[in-house]
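Below is one structure, written out as structure tokens, with a few remarks after it.
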Number of protein chains: 2
Amino acid sequence: MAGRAAVPEVIWARPERTGRGPKPAFTRADIAAAAVRLADAGGLDAVSMRHVAAELGCGTMSLYNYVPRKEDLFELMVDAVSGEHELFEPTGDWRADMLRNARQTKTLMHRHPWMVRLMSGVYGFSPNALRYLEHCLACLDPLEAAAGTKIELVAMLNGCVTTYVSNELSTAERVRSLPWSQEQENAVRIAYLGSQVASGAYPRLAASFLEDAGPIDLDAVFERMLERVLDGFSPRG
Amino acid sequence: MAGRAAVPEVIWARPERTGRGPKPAFTRADIAAAAVRLADAGGLDAVSMRHVAAELGCGTMSLYNYVPRKEDLFELMVDAVSGEHELFEPTGDWRADMLRNARQTKTLMHRHPWMVRLMSGVYGFSPNALRYLEHCLACLDPLEAAAGTKIELVAMLNGCVTTYVSNELSTAERVRSLPWSQEQENAVRIAYLGSQVASGAYPRLAASFLEDAGPIDLDAVFERMLERVLDGFSPRG
DNA sequence: GCGCACTACGTACGGTGTACGTAACTACGA
DNA sequence: TCGTAGTTACGTACACCGTACGTAGTGCGC
């Protein structure tokens, strides 16, 4: 035996308990909850194997019995917050239902700002993610379209929501580890942007700044985006 | 003086050269090119301050004269590849022009797969990013819409392209540091997905798998997505 | 009851970002 | 013209990271 060949693994395919030996001190849910707690409190960078282990009250390396790689820990986290989706009874109005789903996703990402960074990694399909996908498909039953099209709709809607929130929170998550506040960071960036626009090198951009003088209504931008996505899938649209 | 207060900084606002002292051995372009070279060859994880310095042939800490934080290095990289956009003369057909832009973005992200991970961080607006935005606005001159709407269009299109490529490459970038191949990883994930779908817990998802038996035409999915986004902004759409 | 698979976890290694100190150098103010 | 202040260059050092590996204890299946 020249050492077991390295073989890929999906954490969800590995049984949580295998009958033999002492029974585990924690469940996957415990671990995910601890990691989510840390991330909520201190940002994604606060989620290290050592910290999570400490939060659980066990040795660092004991964590590796449950989670073979840190990536798998992230997968647990994504699944845990995917489970926070409220899977309501479809009403028969697919547009309204999907709007509700999308708004829920946004709320959820505001509650867990670090999610956008993990979502862009697309960690396979965890159980709760599959449940949510199935729920969306149920909401889309009234829509007469091919199954593939419906999945494209869900993917595009989720993608747009993620991108939107990512833009919204761009600095918020990043600035945590920095020695200055988000307001300061934003102020500096906006000042630079203003100076560039004022330089005259970007006339159309400058014109756009002059045109929309007032503060931007982010909620309205979000809602418009949703409508546009759904429009793209509405019959005779 | 009790030490300078920490103050945020945008790397683009800091002058590349300040007349005093010996002249720098490298330009920002040199540094960005070195980092991009490393990332192209070995993935984003190969971009460490030490590696970039070695690639340039200087001491690690010398890099910090040019780039105060690693984040700024990323910003340089994003700017460098943003500059790879071909800024063609607008044709007057805004839809065709924007399609061309979007396809170019996709090509560009295929050439630099690590970009998707950086894009989701939204590193402010670098010079080349602003140039590209201005170019898009020029392409949109024929479109009769408010300036804000046009910017929403560009943001949404870019976001969708990024999300799409991110899904497309989800494993490709991640798997680099792992001891197994992308094919193996994909096979295992698909096997798990299949087993879950076959479990009967996700009837609609299962039905969708049965319906689209053949392999998915990714290019067609991409083109459909673009059309849908543009439809959402076309007059009397 | 034996043995094996599992849990638990300490130690250690190679990597990371970067704070800090020192030495050489150059352009500006006097 | 010359000092000196502001740069560049870079070695050392620190705290932290993910995790390979080894060892000890535990409890189920045979």
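Chain A is the first sequence line, chain B the second, and so forth, proteins listed ahead of strands; every chain is numbered from 1.
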Nearest whole Å is fine: how far is dA15(D) C1' from Asp45(A) CG?
15 Å
Between atom OH in Tyr64(A) and atom C1' in dC6(C), what is the gap in whole Å?
19 Å
For nucleotides 21-23 of chain C, print each protein N/O atom paired with a nucleotide N/O atom at under 3.5 Å, atom names and distance only.
none

Any His51(B) side-chain nitrogen or oxygen under 4.0 Å from OP1 or OP2 of dG15(C):
no
Do Arg117(A) and Asp45(A) come close enough that some side-chain heavy atom pair is under 4.5 Å?
yes
Spacing between Leu38(A) atom CG and dC16(D) atom C1', to the nearest angstrom:
16 Å
Separation of dC16(D) P from Lys70(B) NZ (nearest whole Å):
19 Å
Can you tell whether the side chains of Glu9(B) and Arg69(B) come within less than 4.0 Å, N to carboxylate O?
no
May I have the distance from Leu44(A) (atom CG) to dC17(D) (atom P), rounded to whole angstrom?
13 Å
Between Leu56(B) (CG) and dA9(D) (C1'), how many Å, whole number?
13 Å
Hey, what's the ring geometry for Phe222(A) with Tyr164(A), parallel, tilted or perpendicular (30° and 60° as the breaks)?
tilted
Report yes if some heavy atom in the side chain of Trp114(A) is under 4.5 Å from a heavy atom in the side chain of Met77(A); otherwise report no.
yes
Validation row: Ile151(A), Leu137(A) side chains within 4.5 angstrom (heavy atoms)
yes
Close side-chain approach of Leu153(B) and Met98(B), heavy atoms under 4.5 Å
yes
Can you pull every protein N or O that's under 3.5 Å from an N or O on nucleotides 7-9 of chain C?
residue, atom, partner, partner atom, Å
dA8(C), OP1, Ala25(A), N, 3.4
dA8(C), OP2, Tyr66(A), OH, 2.9
dA8(C), N7, Asn65(A), ND2, 3.4
dC9(C), OP2, Gly59(A), N, 3.2
dC9(C), OP2, Ser62(A), OG, 3.2

Got a donor-acceptor pair under 3.5 Å from the side chain of Arg50(B) to the base of dG15(C)?
no
Is it true that Arg189(A) and Glu75(B) make a salt bridge, defined as a side-chain N closer than 4.0 Å to a carboxylate O?
yes
Rounded to whole angstroms, how far apart are CZ on Phe74(A) and P on dC17(D)?
12 Å
Between Arg28(B) and Asp72(B), is there a salt bridge with N-O shorter than 4.0 Å?
no
Going by heavy atoms in the side chains, are Glu84(B) and Arg111(B) under 4.5 Å from each other?
yes
Atom pair distance, as rounded to whole Å: CZ in Arg69(A) and C1' in dA20(D)
15 Å
